[in-house]
Amino acid sequence: FSIVQTAPQEFVLFQLFSEDEDFAAARDVFELVVMSASLDDGKAQDDERAARVAAGVAFLNTLNRDEFASLVADTPEQFERIYRPAPGGAVADEDEVGYRRIRAWIGSALDVETGEPDKDGNRSAGDGYVLRVDGSVLLDDGLGGRSRADSRAVYYMSSDRRRESWKVEMSIREEGKRGKPDVWNEVGVRVGESMSVQVTNSNRESSTLRPSIQGEGYISRVEAYLMPAMLIAARKEGDFSFYAYDQSAELNRIRTLSASRSMDRPGLWNVTMSLPGDQEEHAVYN
């Protein structure tokens with residue numbers, strides 16, 4: 001291990017864990033990592049993050065039930081194309097990745113099981129809001145192998161924002177592989193600041209997670225999907241950070257939305273969603 005002092009009462013610890021037979025090779029990598037690490041002062045980053053979270057909290061405090069219900073009721077059924085832009089910007093060279101189909105309605109927690117509005121097809125009855133996302137995405141393992149992930153996710157949030165539940169089902173099939181696909185399920189429930197998530201993998205092994213919710217700025221899965229539309233409807237430009245559950249990381253972590261009017265395409269909005277680790281997703285809205 002290596003210890004680096006960054007302030008009178010602050011240290012950074014680098015620690016290597018390795019099998020004995022792999023130590024010589026691992027040590028070279030470890031020493032390179034330590035030598036090349038950039039230990040910048042984190043206070044400026046903390047202050048920037050706090051300002052973005054404060055902006056997000058302030059925006060949440062401006063919303064009321066009628067506005068949110070109106071936005072949900074006005075959300076059309078839509079298909080979203082998912083693709084990687086071409087390095088040169090040519091449309092013909094864009095890499096198609098998949099699609100998402102999104103539907104939203106005013107409903108109840110029971111809709112999470114059915115995935116549909118009530119049996120009468122009433123999209124405006126219930127004590128909360130429901131969002132359904134169906135998708136299909138092509139995955140590349142970086143070694144030439146490809147697989148396809150098909151998913152169905154249904155999310156519910158009560159109108160007072162204190163309760164939410166969701167169910168995600170995903171199947172992954174390798175290209176050219178016969179037999180049943182790998183199936184993965186996630187069921188989540190939150191009441192207040194208490195959250196429980198049960199994950200079942202393709203081997204039917206189940207685990208229960210209890211992600212913590214600390215401080216202000218938490219948003220539900222429903223709000224996380226609809227937040228760009230909420231910001232645009234309110235004509236809010238700027239950077240807004242929130243905490244939301246991330247199923248890939250299996251914890252609540254920060255996400256930042258940067259919204260701005262398009263300078264070169266009047267009437268359109270650009271929204272960038274950023275996650276830790278330089279993960280970004282860009283979207284354009286009318």
Show me, pair by pair, the donor-acceptor contacts under 3.5 angstrom made by side chains of residues 241-250, not counting sequence neighbours?
unit_1, atom_1, unit_2, atom_2, d
Ser241, OG, Arg52, NE, 3.0
Ser241, OG, Thr256, OG1, 2.6
Asp246, OD1, Ser248, N, 3.0
Asp246, OD1, Ser248, OG, 2.6
Asp246, OD2, Arg253, NE, 2.7
Asp246, OD2, Arg253, NH2, 2.8
Gln247, OE1, Arg221, NH2, 3.4

Note: [X]-[Y] ion pair, threshold 4.0 Å (strictly below):
| X | Y | value |
| --- | --- | --- |
| Glu281 | Arg255 | no |
| Arg84 | Glu96 | no |
| Glu223 | Arg161 | yes |
| Glu169 | Lys167 | yes |
| Glu175 | Arg146 | no |
| Arg103 | Asp134 | yes |
| Arg132 | Glu77 | no |

Single-linkage hydrophobic cluster [X]~[Y], side-chain heavy atoms < 4.5 angstrom:
| X | Y | result |
| --- | --- | --- |
| Tyr99 | Val137 | no |
| Val222 | Val57 | no |
| Phe11 | Leu13 | yes |
| Val133 | Val199 | yes |
| Phe30 | Phe23 | yes |

Between atom [atom1] of [X] and atom [atom2] of [Y], what is the distance when rounded to the nearest 0.5 Å?
| X | Y | atom1 | atom2 | value |
| --- | --- | --- | --- | --- |
| Ile254 | Asn252 | CD1 | CG | 11.5 Å |
| Asn286 | Ile232 | CG | CD1 | 8.5 Å |
| Leu231 | Leu226 | CG | CG | 11.0 Å |
| Tyr156 | Glu164 | OH | CD | 10.5 Å |
| Gln78 | Arg100 | CD | CZ | 9.5 Å |
| Ser260 | Leu268 | OG | CG | 11.0 Å |

When you measure from the side chain of Thr62 to the backbone of Phe59, do you find a donor-acceptor pair of N or O atoms at a distance under 3.5 Å? yes
Is a side-chain donor or acceptor of Ser70 paired with a backbone partner of Asp66 at a separation under 3.5 angstrom? no
Scan [range] for pairs that pass ring-ring contact (aromatic ring centres under 6.0 Å, His included), counting only residues two or more places apart or in two chains.
| range | result |
| --- | --- |
| residues 187-216 | none |
| residues 190-239 | Tyr155-Tyr225 |
| residues 181-209 | none |

Do [X] and [Y] come within less than 4.5 Å of each other through their side chains, counting heavy atoms only?
| X | Y | answer |
| --- | --- | --- |
| Leu16 | Phe1 | no |
| Trp166 | Val168 | yes |
| Glu94 | Tyr83 | yes |
| Trp105 | Asp111 | yes |

How close do [X] and [Y] get, heavy atom to heavy atom, and via which atoms?
| X | Y | result |
| --- | --- | --- |
| Ala86 | Ala90 | CB-O, 3.4 Å |
| Pro8 | Gln5 | O-NE2, 3.4 Å |
| Gly126 | Ile106 | O-CG2, 4.0 Å |
| Ala37 | Phe14 | CB-CZ, 3.8 Å |
| Tyr285 | Pro228 | OH-CB, 3.5 Å |
| Arg190 | Ser220 | NH2-CB, 4.4 Å |

Residues in side chain to side chain donor-acceptor pair (under 3.5 Å) contact with [X], at least two apart in sequence or another chain:
| X | value |
| --- | --- |
| Asn185 | none |
| Gln15 | none |
| Asn61 | none |

Scan side-chain atoms only and decide if Ser136 and Arg148 contain a donor-acceptor pair under the 3.5 Å cut-off. yes
Flag for Asp127-Ser108: side-chain donor and acceptor within less than 3.5 Å: no
Any salt bridge (charged side-chain N to carboxylate O under 4.0 Å, His left out) pairs touching residues 224-241, not counting sequence neighbours? Glu237-Arg261
For residues 15-30, which residue pairs pass the salt bridge (charged side-chain N to carboxylate O under 4.0 Å, His left out) check, not counting sequence neighbours? Arg27-Glu31
What verdict does the side-chain contact (heavy atoms from CB on, under 4.5 Å) test give for Val187 and Val197, after you've listed the backbone C-alpha separation in whole Å, the side-chain angles of each residue and the deciding distance to 0.1 Å? CA-CA 6 Å; Val187 177; Val197 182; over 6 Å; no
Those residues that, when tested against Phe68, pass ring pair (Phe, Tyr, Trp, His ring centres under 6.0 Å) (two or more places apart): Tyr129
List the atom pairs, with distances to 0.1 Å, where a side-chain N or O of residues 203-213 and a protein N or O form a donor-acceptor pair under 3.5 Å, not counting sequence neighbours.
unit_1, atom_1, unit_2, atom_2, d
Glu205, OE1, Asn201, ND2, 3.0
Ser206, OG, Gln198, NE2, 3.1

Going by atom type alone, with no hydrogens or angles, which donor-acceptor pairs under 3.5 Å involve a side-chain atom of residues 269-277 and a protein atom two or more places apart or on another chain?
unit_1, atom_1, unit_2, atom_2, d
Thr272, OG1, His282, ND1, 3.0

Begin with the C-alpha distance, continue with both residues' side-chain angles, and end with the deciding distance and a verdict on side-chain contact (heavy atoms from CB on, under 4.5 Å) for Met170 and Ile172. CA-CA 7 Å; Met170 179 181 295; Ile172 301 177; 4.1 Å; yes
Kindly determine whether Met230 and Ile219 satisfy side-chain contact (heavy atoms from CB on, under 4.5 Å), including the steps that lead there. CA-CA 13 Å; Met230 294 161 64; Ile219 57 175; over 6 Å; no
